[in-house]
Amino acid sequence: MTEQTPSPVGPRDSSATPRYAGHANFALLPGLDDVGRADVAVVGVPFDSGVSYRPGARFGPSHVRDASRLLRPYNPAQDVSPFAVQQVADAGDLIANPFDLDEAIEAVAAGSRELLERAGKLVTIGGDHTIAYPLLRTMAEKHGPIAVLHADAHLDTWDTYFGAPVTHGTPFRRASEDGFIDLTASAHLGTRGPLYGKGDLDDDAKLGFEITSSEFIEKHGVPAAVARLRERLGDKPVYLSIDVDVMDPAHAPGTGTPEAGGLTSREMLRIIRSLTDLNIVGADVVEVSPAYDHAQITGVAASHLVYELVSAMGRTAERRAEG
Ligand SMILES: N=C(N)NCCCC(=O)O
Ligand SMILES: [Zn+2]
Ligand SMILES: [Zn+2]
């Protein structure tokens, strides 16, 4: 950082105000309004009107923020101080109409577009996975069709549920149809469990995704999975969308459509840490449904995923500063 650049405002001092006291911005960071603009804004989207099974992800953002109180400023796993090498701030929540999906989609698209005038990158806390659709629209407006790394137990490229095209099981089909994603460089990670039919996989491939399944990771391990993802994503700007249900219900019980046989939180963190040389231009962590959580297991895991993503962005910022 040059001398003219003011130092980033970091998390509030937890030796002056205990971590558990007061209002919780993500990681006790300043609000975006307090700092004016940020390199990275963490934003919530409390919305779950797109769910097909257990509801409750509308309470995800506040739950993840609450669980993030314990995050500390230095990340040894990536050797980076994510809140010191870049300005990170909490932008609060985007408001989405729970009774009108189309209006909600437009609000998330408009809200994220507007936020990008004050923040270089967004990390969004859901909310159900429906919100990836408008977020990808905003990403495509900025970067063109974008390479998507989608970590999830589910494909989320199904067509409709009860005739409805916009749901949490369909965002990546809609995004693909609308030209938001790079069909040659997008991938699912961690998919598993029963499908509606074998044809789901053919549709999915046509929509532009390559699959690195939970089974692949079980058989070949995380390094082989990372190598496969790297090959697919190349050196393009990447949007990383993480559905917490990519982790096993033992590691993330607080979610709406749990599937057995998933990743551990350690594996998921390792995967993000192994991809830090990618240019991650935006990300979301979705589908945290606190009513099904216990002892903040899912909230803590999700908050660490967000922290790891922000750390990866910090690494990119550091590399840029070094030239
Ligand atoms: N959790 C997400 N995003 N999608 C699950 C859709 C599962 C289904 O009801 O077919
Ligand atoms: Zn899922
Ligand atoms: Zn999903």
Side-chain angles (χ1 to χ4, degrees), residues 45-61 64 96 101 104-105 108 124-136 148-176 180-181 186-201 203-204 207-209 211-215 217 239-263 265 267-268 271 282-293 298 301-302 305-306:
V45 181
F47 173 83
D48 65 5
S49 304
V51 300
S52 57
Y53 201 55
R54 297 168 175 173
R58 64 180 59 185
F59 298 110
V64 176
L101 265 150
I105 293 301
V108 175
T124 306
I125 304 172
D128 77 52
H129 223 152
T130 312
I131 65 171
Y133 174 43
L135 292 169
L136 284 170
V148 176
L149 173 54
H150 166 224
D152 200 322
H154 309 99
L155 300 169
D156 287 357
T157 51
W158 286 294
D159 192 5
T160 58
Y161 288 77
F162 292 86
V166 176
T167 75
H168 79 151
T170 59
F172 298 100
R173 180 183 287 249
R174 298 287 91 84
S176 177
F180 302 160
I181 70 169
S186 293
H188 299 303
L189 167 71
T191 48
R192 63 186 185 274
L195 302 174
Y196 295 95
K198 205 170 176 173
D200 294 354
L201 295 170
D203 287 0
D204 188 73
L207 290 161
F209 288 91
I211 294 177
T212 301
S213 65
S214 284
E215 253 198 312
I217 296 169
Y239 184 85
L240 186 38
S241 182
I242 305 178
D243 184 326
V244 276
D245 70 28
V246 71
M247 291 181 287
D248 191 87
H251 293 260
T255 195
T257 47
E259 310 281 348
L263 276 61
S265 51
E267 284 169 331
M268 197 55 223
I271 287 166
D284 61 57
V285 177
V286 299
E287 296 283 347
V288 174
S289 182
Y292 301 96
D293 205 6
T298 317
L305 294 178
V306 172

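Every number for a ligand or one of its atoms is a count from 1 in the order of the listing.
- Between the side chain of Asp248 and the backbone N or O of Leu263 there is no donor-acceptor pair closer than 3.5 Å.
- The Zn ion (ligand 2) sits nearest to atom OD1 when only the N, O or S atoms of Asp152 are considered.
- By the 6.0 Å contact criterion, CZ on Phe59 is open, its count of non-hydrogen atoms from other residues, nucleotides or ligands being 12 or less.
- Salt bridge absent: Arg173 and Asp156 never bring a charged side-chain N and a carboxylate O closer than 4.0 Å.
- Heavy-atom contacts of Asp243 reach the following atoms of ligand 1: 1 (N), 2 (C), 3 (N) (cutoff under 4.0 Å).
- The shortest side-chain heavy-atom distance between Phe47 and Val108 does not fall under the 4.5 Å cut-off.
- Residue, atom and distance of the protein heavy atom nearest to atom 10 (O) of ligand 1 are Tyr196 OH, 2.4 Å.
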- Query: Is there a side chain to side chain donor-acceptor pair (under 3.5 Å) between Ser52 and His168 once you walk through the steps?
  - Reply: CA-CA 7 Å; Ser52 57; His168 79 151; 2.8 Å; yes
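- The parts of His168 lying near ligand 1 are both backbone and side chain, judged by heavy-atom distances below 4.0 Å.
- The shortest N or O to N or O distance between Ser52 and ligand 1 is under 3.5 Å.
- The atom of Asp243 that is an N, O or S and sits closest to the Zn ion (ligand 2) is OD2.
- At least one N, O or S atom of Asp156 sits under 2.8 Å from the Zn ion (ligand 3).
- In terms of modelled atom types and a separation under 3.5 Å, the side chain of Thr157 and the main chain of Asp204 share no donor-acceptor contact.
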- Message: Test side chain to side chain donor-acceptor pair (under 3.5 Å) on His129 and Asp152; report intermediate values, then the result.
- Response: CA-CA 10 Å; His129 223 152; Asp152 200 322; 3.1 Å; yes
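- At a heavy-atom distance under 4.0 Å, no atom of Val286 approaches ligand 1.
- For atom 4 (N) of ligand 1, the closest heavy atom belonging to the protein is Asp156 OD1, 2.9 Å.
- Of the possible donor and acceptor atoms, none in the side chain of Thr191 sits under 3.5 Å from a partner among the backbone N and O of Leu155.
- Ligand 1 places these atoms under 4.0 Å from at least one heavy atom of His154: 1 (N), 2 (C), 4 (N), 5 (C).
- Ligand-side atoms of ligand 1 in range of Asp245: 1 (N), range being under 4.0 angstrom from any heavy atom.
- Salt bridge absent: Asp245 and Arg192 never bring a charged side-chain N and a carboxylate O closer than 4.0 Å.
- Remark: aromatic rings of Tyr239 and His150 are distant, center separation not under 6.0 Å.
- At least one N/O/S atom of His129, whether from backbone or side chain, sits less than 2.8 Å from the Zn ion (ligand 3).
- Residue, atom and distance of the protein heavy atom nearest to atom 1 (N) of ligand 1 are Thr257 OG1, 2.9 Å.
- The contact set between ligand 1 and His129, taken as ligand atoms under 4.0 Å from a residue heavy atom, comprises 3 (N).
- To the nearest 10 degrees, the Zn ion (ligand 2) sees ND1 of His154 and OD1 of Asp245 at an angle of 100°.
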